[in-house]
Amino acid sequence: MSASGGTKAIVAALAANLAIAVAKFVAFLFSGSSSMLAESVHSLADSGNQGLLLLGGKKAKREATPQHPFGYGRERYIYAFLVSIVLFSVGGMFAIYEGYEKIKHPHEIEAWYWPVGVLVFAIIAETFSFRTAIVESNLTRGNLSWKDFIRRAKAPELPVVLLEDLGALVGLILALVGVSLAIVTGDGVWDGIGTLCIGILLIVIAIVLAAETKSLLLGEAAGTEDVDKIQAALVDGDTVTRIIHMRTLHLGPEELLVAAKIAVQHGDTATEVAHAINAAEDRIRAAVPIARVIYLEPDIYSETAAAAGENPASTPGAPSAH
(Lines give C-alpha, C1' and ligand atoms only; values in the text may rest on other atoms or scores of the structure.)
Protein backbone atom coordinates (compact mmCIF):
# COMPACT_ATOMS: atom_id res chain seq x y z
CA MET A 1 0.00 0.00 0.00
CA SER A 2 1.34 3.39 -0.89
CA ALA A 3 1.60 5.87 1.94
CA SER A 4 -0.22 8.45 -0.18
CA GLY A 5 -3.19 6.14 -0.65
CA GLY A 6 -3.45 5.53 3.07
CA THR A 7 -3.11 9.24 3.85
CA LYS A 8 -5.88 10.17 1.42
CA ALA A 9 -8.28 7.71 3.05
CA ILE A 10 -7.31 8.89 6.55
CA VAL A 11 -7.84 12.57 5.72
CA ALA A 12 -11.22 11.82 4.12
CA ALA A 13 -12.30 9.89 7.20
CA LEU A 14 -10.99 12.60 9.54
CA ALA A 15 -12.92 15.37 7.77
CA ALA A 16 -16.12 13.32 7.75
CA ASN A 17 -15.86 12.30 11.41
CA LEU A 18 -15.19 15.82 12.70
CA ALA A 19 -18.24 17.19 10.88
CA ILE A 20 -20.38 14.27 12.02
CA ALA A 21 -19.23 14.51 15.65
CA VAL A 22 -20.31 18.16 15.87
CA ALA A 23 -23.67 17.44 14.22
CA LYS A 24 -24.37 14.46 16.51
CA PHE A 25 -23.55 16.40 19.65
CA VAL A 26 -25.86 19.22 18.63
CA ALA A 27 -28.61 16.66 18.03
CA PHE A 28 -27.98 15.18 21.49
CA LEU A 29 -28.32 18.62 23.13
CA PHE A 30 -31.68 19.23 21.46
CA SER A 31 -33.15 15.71 21.71
CA GLY A 32 -31.54 14.06 24.76
CA SER A 33 -30.93 10.87 22.71
CA SER A 34 -28.29 8.62 24.27
CA SER A 35 -27.66 7.07 20.85
CA MET A 36 -26.69 10.53 19.64
CA LEU A 37 -24.34 11.06 22.57
CA ALA A 38 -22.73 7.64 22.08
CA GLU A 39 -22.42 8.25 18.35
CA SER A 40 -20.90 11.72 18.88
CA VAL A 41 -18.27 10.22 21.20
CA HIS A 42 -17.72 7.44 18.66
CA SER A 43 -17.11 9.95 15.86
CA LEU A 44 -14.85 12.02 18.10
CA ALA A 45 -12.87 8.89 19.01
CA ASP A 46 -12.61 8.01 15.31
CA SER A 47 -11.28 11.52 14.61
CA GLY A 48 -8.64 11.00 17.29
CA ASN A 49 -7.81 7.62 15.77
CA GLN A 50 -7.18 9.15 12.36
CA GLY A 51 -4.98 11.72 14.06
CA LEU A 52 -2.99 8.87 15.62
CA LEU A 53 -2.59 7.18 12.24
CA LEU A 54 -1.31 10.40 10.66
CA LEU A 55 1.09 10.91 13.58
CA GLY A 56 2.36 7.35 13.27
CA GLY A 57 2.97 7.82 9.55
CA LYS A 58 4.96 10.98 10.21
CA LYS A 59 7.07 9.43 12.97
CA ALA A 60 7.79 6.35 10.84
CA LYS A 61 9.62 8.54 8.30
CA ARG A 62 12.42 9.39 10.72
CA GLU A 63 15.92 8.34 9.72
CA ALA A 64 17.57 5.35 11.39
CA THR A 65 19.80 6.09 14.38
CA PRO A 66 22.55 4.10 16.14
CA GLN A 67 20.01 3.23 18.83
CA HIS A 68 17.39 2.22 16.24
CA PRO A 69 19.51 0.99 13.31
CA PHE A 70 16.54 -0.48 11.42
CA GLY A 71 14.59 2.78 11.50
CA TYR A 72 11.14 3.62 12.81
CA GLY A 73 8.87 1.88 10.31
CA ARG A 74 7.03 0.00 13.06
CA GLU A 75 5.75 3.27 14.50
CA ARG A 76 2.83 2.81 12.09
CA TYR A 77 2.01 -0.54 13.73
CA ILE A 78 2.23 0.92 17.23
CA TYR A 79 -0.15 3.77 16.48
CA ALA A 80 -2.57 1.42 14.71
CA PHE A 81 -2.59 -0.72 17.87
CA LEU A 82 -3.31 2.39 19.94
CA VAL A 83 -6.27 3.04 17.65
CA SER A 84 -7.76 -0.33 18.57
CA ILE A 85 -7.38 0.49 22.28
CA VAL A 86 -9.04 3.89 21.89
CA LEU A 87 -11.86 2.36 19.84
CA PHE A 88 -12.39 -0.29 22.53
CA SER A 89 -12.26 1.98 25.57
CA VAL A 90 -13.54 5.38 24.46
CA GLY A 91 -15.92 4.17 21.77
CA GLY A 92 -17.16 0.73 22.77
CA MET A 93 -17.15 0.85 26.55
CA PHE A 94 -18.65 4.34 26.68
CA ALA A 95 -21.48 3.31 24.34
CA ILE A 96 -22.23 0.22 26.45
CA TYR A 97 -22.32 2.34 29.60
CA GLU A 98 -24.65 4.88 27.97
CA GLY A 99 -26.88 2.13 26.61
CA TYR A 100 -27.16 0.50 30.03
CA GLU A 101 -28.03 3.80 31.70
CA LYS A 102 -30.64 4.57 29.02
CA ILE A 103 -32.27 1.15 29.41
CA LYS A 104 -32.25 1.51 33.20
CA HIS A 105 -33.56 5.09 33.13
CA PRO A 106 -35.39 5.57 29.81
CA HIS A 107 -36.93 8.88 28.78
CA GLU A 108 -38.79 9.98 25.68
CA ILE A 109 -36.82 11.55 22.83
CA GLU A 110 -37.53 15.24 22.34
CA ALA A 111 -37.26 17.12 19.05
CA TRP A 112 -37.01 13.83 17.13
CA TYR A 113 -36.22 15.57 13.83
CA TRP A 114 -32.75 16.53 15.14
CA PRO A 115 -31.36 13.01 15.65
CA VAL A 116 -33.08 11.66 12.53
CA GLY A 117 -31.75 14.49 10.35
CA VAL A 118 -28.25 14.23 11.74
CA LEU A 119 -28.18 10.45 11.33
CA VAL A 120 -29.19 10.74 7.67
CA PHE A 121 -26.48 13.38 7.14
CA ALA A 122 -23.92 11.21 8.96
CA ILE A 123 -24.78 8.12 6.90
CA ILE A 124 -24.21 10.11 3.69
CA ALA A 125 -20.88 11.53 4.95
CA GLU A 126 -19.65 8.15 6.20
CA THR A 127 -20.62 6.55 2.89
CA PHE A 128 -18.33 8.97 1.02
CA SER A 129 -15.51 8.27 3.50
CA PHE A 130 -16.04 4.51 3.22
CA ARG A 131 -16.08 4.76 -0.57
CA THR A 132 -12.72 6.59 -0.53
CA ALA A 133 -11.21 3.84 1.64
CA ILE A 134 -12.58 1.15 -0.72
CA VAL A 135 -11.22 2.89 -3.82
CA GLU A 136 -7.76 3.32 -2.27
CA SER A 137 -7.75 -0.28 -1.02
CA ASN A 138 -8.69 -1.64 -4.43
CA LEU A 139 -5.49 -0.12 -5.86
CA THR A 140 -3.43 -2.64 -3.87
CA ARG A 141 -5.90 -5.38 -2.89
CA GLY A 142 -5.49 -7.32 -6.13
CA ASN A 143 -7.42 -10.60 -6.14
CA LEU A 144 -7.58 -10.86 -2.35
CA SER A 145 -10.95 -11.02 -0.66
CA TRP A 146 -11.71 -8.21 1.79
CA LYS A 147 -11.17 -10.59 4.68
CA ASP A 148 -7.76 -11.66 3.37
CA PHE A 149 -6.80 -8.07 2.56
CA ILE A 150 -7.42 -7.00 6.16
CA ARG A 151 -5.57 -10.04 7.51
CA ARG A 152 -2.56 -9.89 5.17
CA ALA A 153 -2.02 -6.16 4.63
CA LYS A 154 1.37 -5.08 5.96
CA ALA A 155 0.38 -1.42 5.99
CA PRO A 156 -2.21 -0.96 8.76
CA GLU A 157 -3.84 2.33 7.78
CA LEU A 158 -6.31 1.21 5.13
CA PRO A 159 -7.58 -1.86 7.04
CA VAL A 160 -8.04 0.34 10.11
CA VAL A 161 -9.96 3.01 8.19
CA LEU A 162 -12.03 0.37 6.38
CA LEU A 163 -13.11 -1.31 9.61
CA GLU A 164 -13.72 2.03 11.34
CA ASP A 165 -15.89 3.30 8.50
CA LEU A 166 -17.77 0.01 8.29
CA GLY A 167 -18.38 0.10 12.03
CA ALA A 168 -19.48 3.72 11.80
CA LEU A 169 -22.00 2.99 9.02
CA VAL A 170 -23.47 -0.03 10.80
CA GLY A 171 -23.51 1.93 14.07
CA LEU A 172 -25.39 4.79 12.42
CA ILE A 173 -27.97 2.39 11.07
CA LEU A 174 -28.36 0.84 14.53
CA ALA A 175 -28.74 4.31 16.04
CA LEU A 176 -31.34 5.26 13.42
CA VAL A 177 -33.31 2.08 14.11
CA GLY A 178 -33.12 2.64 17.88
CA VAL A 179 -34.16 6.28 17.65
CA SER A 180 -36.98 5.50 15.20
CA LEU A 181 -38.41 2.76 17.42
CA ALA A 182 -38.16 5.06 20.45
CA ILE A 183 -40.07 7.77 18.55
CA VAL A 184 -42.76 5.40 17.22
CA THR A 185 -43.35 3.56 20.51
CA GLY A 186 -42.65 6.46 22.84
CA ASP A 187 -40.38 4.12 24.80
CA GLY A 188 -36.81 5.40 25.29
CA VAL A 189 -35.59 1.86 26.04
CA TRP A 190 -35.21 1.28 22.28
CA ASP A 191 -32.75 4.17 22.12
CA GLY A 192 -30.74 2.49 24.87
CA ILE A 193 -30.82 -0.87 23.08
CA GLY A 194 -29.50 0.79 19.92
CA THR A 195 -26.72 2.40 21.92
CA LEU A 196 -25.84 -0.93 23.55
CA CYS A 197 -25.62 -2.62 20.14
CA ILE A 198 -23.31 0.15 18.91
CA GLY A 199 -20.99 -0.48 21.86
CA ILE A 200 -20.86 -4.23 21.23
CA LEU A 201 -20.13 -3.61 17.54
CA LEU A 202 -17.25 -1.23 18.32
CA ILE A 203 -15.71 -3.66 20.80
CA VAL A 204 -15.81 -6.49 18.24
CA ILE A 205 -14.11 -4.29 15.63
CA ALA A 206 -11.53 -3.14 18.20
CA ILE A 207 -10.67 -6.75 19.06
CA VAL A 208 -10.20 -7.62 15.37
CA LEU A 209 -7.96 -4.58 14.87
CA ALA A 210 -5.95 -5.38 18.00
CA ALA A 211 -5.37 -8.98 16.88
CA GLU A 212 -4.20 -7.96 13.41
CA THR A 213 -1.92 -5.13 14.56
CA LYS A 214 -0.49 -7.31 17.34
CA SER A 215 0.62 -9.78 14.67
CA LEU A 216 2.34 -6.97 12.77
CA LEU A 217 4.02 -5.72 15.94
CA LEU A 218 5.37 -9.19 16.70
CA GLY A 219 6.89 -9.28 13.22
CA GLU A 220 5.45 -10.85 10.10
CA ALA A 221 7.29 -12.47 7.22
CA ALA A 222 6.99 -11.25 3.66
CA GLY A 223 3.91 -12.26 1.72
CA THR A 224 3.94 -15.35 -0.49
CA GLU A 225 4.31 -13.35 -3.69
CA ASP A 226 7.35 -11.42 -2.40
CA VAL A 227 8.95 -14.60 -1.05
CA ASP A 228 8.61 -16.22 -4.48
CA LYS A 229 10.23 -13.21 -6.13
CA ILE A 230 13.11 -13.20 -3.63
CA GLN A 231 13.74 -16.91 -4.15
CA ALA A 232 13.77 -16.53 -7.92
CA ALA A 233 16.13 -13.56 -7.70
CA LEU A 234 18.54 -15.25 -5.29
CA VAL A 235 19.31 -18.38 -7.28
CA ASP A 236 21.00 -17.79 -10.61
CA GLY A 237 22.13 -21.40 -11.12
CA ASP A 238 25.73 -20.34 -11.64
CA THR A 239 27.25 -18.56 -8.63
CA VAL A 240 24.31 -19.19 -6.27
CA THR A 241 23.10 -22.74 -6.73
CA ARG A 242 20.37 -22.95 -4.08
CA ILE A 243 18.90 -21.44 -0.91
CA ILE A 244 19.78 -23.45 2.16
CA HIS A 245 17.36 -21.52 4.34
CA MET A 246 15.87 -18.05 4.41
CA ARG A 247 13.99 -15.75 6.75
CA THR A 248 12.14 -12.53 6.01
CA LEU A 249 10.76 -9.90 8.36
CA HIS A 250 8.83 -6.68 7.87
CA LEU A 251 10.65 -3.87 9.67
CA GLY A 252 7.77 -1.65 8.64
CA PRO A 253 5.01 -1.68 6.02
CA GLU A 254 7.42 -0.67 3.26
CA GLU A 255 10.72 -2.07 4.53
CA LEU A 256 11.69 -5.72 4.44
CA LEU A 257 14.62 -7.57 6.00
CA VAL A 258 15.93 -10.64 4.15
CA ALA A 259 18.41 -13.06 5.74
CA ALA A 260 19.47 -16.20 3.90
CA LYS A 261 22.15 -18.86 3.81
CA ILE A 262 22.96 -19.52 0.18
CA ALA A 263 24.95 -22.30 -1.48
CA VAL A 264 27.90 -21.27 -3.65
CA GLN A 265 30.28 -23.28 -5.79
CA HIS A 266 32.90 -25.30 -3.89
CA GLY A 267 35.79 -23.91 -5.89
CA ASP A 268 34.81 -20.23 -5.82
CA THR A 269 37.35 -17.76 -4.50
CA ALA A 270 36.51 -15.20 -1.82
CA THR A 271 36.37 -12.52 -4.50
CA GLU A 272 33.97 -14.55 -6.61
CA VAL A 273 31.75 -15.24 -3.59
CA ALA A 274 31.70 -11.52 -2.70
CA HIS A 275 30.71 -10.62 -6.27
CA ALA A 276 28.02 -13.32 -6.20
CA ILE A 277 26.54 -11.93 -2.98
CA ASN A 278 26.55 -8.36 -4.30
CA ALA A 279 24.88 -9.48 -7.53
CA ALA A 280 22.27 -11.47 -5.59
CA GLU A 281 21.46 -8.43 -3.43
CA ASP A 282 21.01 -6.30 -6.54
CA ARG A 283 18.66 -8.89 -8.05
CA ILE A 284 16.58 -9.04 -4.86
CA ARG A 285 16.22 -5.26 -4.65
CA ALA A 286 15.23 -5.12 -8.31
CA ALA A 287 12.59 -7.83 -7.82
CA VAL A 288 11.29 -6.58 -4.44
CA PRO A 289 12.17 -2.89 -3.93
CA ILE A 290 11.04 -2.87 -0.28
CA ALA A 291 13.79 -5.43 0.53
CA ARG A 292 16.15 -2.79 1.88
CA VAL A 293 18.07 -4.76 4.52
CA ILE A 294 19.68 -7.94 3.14
CA TYR A 295 22.09 -10.34 4.86
CA LEU A 296 23.42 -13.26 2.80
CA GLU A 297 25.68 -15.94 4.25
CA PRO A 298 27.54 -18.14 1.74
CA ASP A 299 27.97 -21.84 2.45
CA ILE A 300 28.69 -25.14 0.74
CA TYR A 301 25.55 -27.21 0.41
CA SER A 302 25.70 -30.64 2.00
CA GLU A 303 22.95 -33.23 1.67
CA THR A 304 24.02 -34.76 5.00
CA ALA A 305 23.96 -31.43 6.84
CA ALA A 306 20.63 -30.54 5.28
CA ALA A 307 19.12 -33.84 6.40
CA ALA A 308 20.35 -33.33 9.96
CA GLY A 309 19.54 -29.61 10.18
CA GLU A 310 16.34 -27.73 10.88
CA ASN A 311 13.34 -28.24 8.67
CA PRO A 312 13.19 -25.29 6.24
CA ALA A 313 9.43 -25.71 6.03
CA SER A 314 9.16 -24.57 9.64
CA THR A 315 10.98 -21.33 8.89
CA PRO A 316 8.79 -18.33 7.97
CA GLY A 317 9.70 -17.23 4.47
CA ALA A 318 11.69 -20.38 3.78
CA PRO A 319 11.87 -21.80 0.24
CA SER A 320 9.68 -24.83 0.98
CA ALA A 321 7.33 -23.08 3.39
CA HIS A 322 4.66 -22.91 0.71
Grouping I, L, V, M, F, W and Y whenever their side-chain heavy atoms are under 4.5 Å apart, do [X] and [Y] come out in a common cluster?
X	Y	value
Val170	Ile20	no
Ile123	Trp114	yes
Leu196	Tyr97	no
Leu44	Leu163	no
Val161	Leu172	yes

Start with the C-alpha gap between Val264 and Glu272, add the side-chain angles, then the distance that decides, and say whether side chain to side chain contact (heavy atoms under 4.5 Å, CB included) holds. CA-CA 10 Å; Val264 297; Glu272 290 171 332; over 6 Å; no

Using every non-hydrogen atom in the two residues, find where [X] and [Y] come nearest and quote the distance to one decimal.
X	Y	value
Leu158	Ala9	CD2-CB, 3.5 Å
Ile284	Ala291	CG2-CB, 3.8 Å
Pro156	Pro253	CD-CG, 4.0 Å
Ala222	Thr248	N-OG1, 2.9 Å
Ala221	Lys154	O-NZ, 3.1 Å
Arg76	Gly57	CG-CA, 3.9 Å

[atom1]-[atom2] distance between [X] and [Y], expressed to the nearest 0.5 angstrom:
X	Y	atom1	atom2	answer
Glu126	Phe121	CD	CZ	10.0 Å
Arg141	Arg152	CZ	CZ	12.5 Å
Ile134	Arg131	CD1	CZ	9.0 Å
Leu174	Ile200	CG	CD1	10.0 Å
Asn278	Ile294	CG	CD1	10.5 Å
Tyr77	Leu82	OH	CG	15.0 Å

Find out whether [X] and [Y] are in side-chain contact, i.e. whether some heavy atom of one side chain is under 4.5 Å from a heavy atom of the other.
X	Y	value
Ile262	Ile277	yes
Thr195	Glu101	no
Leu14	Leu18	yes
Val118	Val26	no
Glu136	Ile10	no

Please work out which of the three classes, parallel, tilted or perpendicular, describes the rings of Phe149 and Trp146, given edges at 30° and 60°. perpendicular

Can you classify the ring geometry of Phe70 versus Tyr295 as parallel (below 30°), tilted (30 to 60°) or perpendicular (above 60°)? perpendicular

Test side chain to side chain contact (heavy atoms under 4.5 Å, CB included) on Leu234 and Leu296 and set out the steps. CA-CA 10 Å; Leu234 261 177; Leu296 301 180; 3.9 Å; yes

Other residues, nucleotides and ligands only: do more than 12 of their heavy atoms fall within 6.0 Å of CZ on Arg62? yes

Between [X] and [Y], is there a donor-acceptor pair closer than 3.5 Å when you use the side chain of the first and the backbone of the second?
X	Y	answer
Tyr72	Gly56	no
Arg74	Leu217	yes
Ser84	Phe81	yes
Arg285	Asp282	no

Quick check on side chain to side chain contact (heavy atoms under 4.5 Å, CB included): which of Leu249, Leu256, Val258, Leu251 does Val293 satisfy it with? Leu251

How would you list all residue pairs meeting side-chain hydrogen bond (donor to acceptor under 3.5 Å, both in side chains) that involve residues 160-177, not counting sequence neighbours? Asn49-Glu164, Gln50-Glu164, Ser129-Asp165

Show me the donor-acceptor pairs within less than 3.5 Å that the side chains of residues 201-216 make with the rest of the protein, sequence neighbours left out.
{"from": "Thr213", "atom 1": "OG1", "to": "Leu209", "atom 2": "O", "distance (Å)": "2.7"}
{"from": "Thr213", "atom 1": "OG1", "to": "Ala210", "atom 2": "O", "distance (Å)": "3.3"}
{"from": "Ser215", "atom 1": "OG", "to": "Glu220", "atom 2": "OE2", "distance (Å)": "2.5"}

Go through the steps for Ile244 and Glu297 under the test side chain to side chain contact (heavy atoms under 4.5 Å, CB included), then give the verdict. CA-CA 10 Å; Ile244 299 174; Glu297 178 185 353; over 6 Å; no

Please test Leu176 against Ser180 for side chain to side chain contact (heavy atoms under 4.5 Å, CB included), starting from the C-alpha separation and ending with a verdict. CA-CA 6 Å; Leu176 184 59; Ser180 299; 4.0 Å; yes

Counting only pairs under 3.5 Å, give me each side-chain donor-acceptor contact of residues 183-194, with atom names and distances, residues two or more places apart or in other chains.
{"from": "Thr185", "atom 1": "OG1", "to": "Leu181", "atom 2": "O", "distance (Å)": "2.6"}
{"from": "Thr185", "atom 1": "OG1", "to": "Asp187", "atom 2": "N", "distance (Å)": "3.2"}
{"from": "Asp187", "atom 1": "OD1", "to": "Val189", "atom 2": "N", "distance (Å)": "3.1"}
{"from": "Asp191", "atom 1": "OD1", "to": "Ser33", "atom 2": "OG", "distance (Å)": "3.3"}
{"from": "Asp191", "atom 1": "OD1", "to": "Ser35", "atom 2": "N", "distance (Å)": "3.3"}
{"from": "Asp191", "atom 1": "OD1", "to": "Ser35", "atom 2": "OG", "distance (Å)": "2.4"}
{"from": "Asp191", "atom 1": "OD2", "to": "Ser33", "atom 2": "OG", "distance (Å)": "3.2"}
{"from": "Asp191", "atom 1": "OD2", "to": "Ser34", "atom 2": "N", "distance (Å)": "2.9"}
{"from": "Asp191", "atom 1": "OD2", "to": "Ser34", "atom 2": "OG", "distance (Å)": "3.3"}

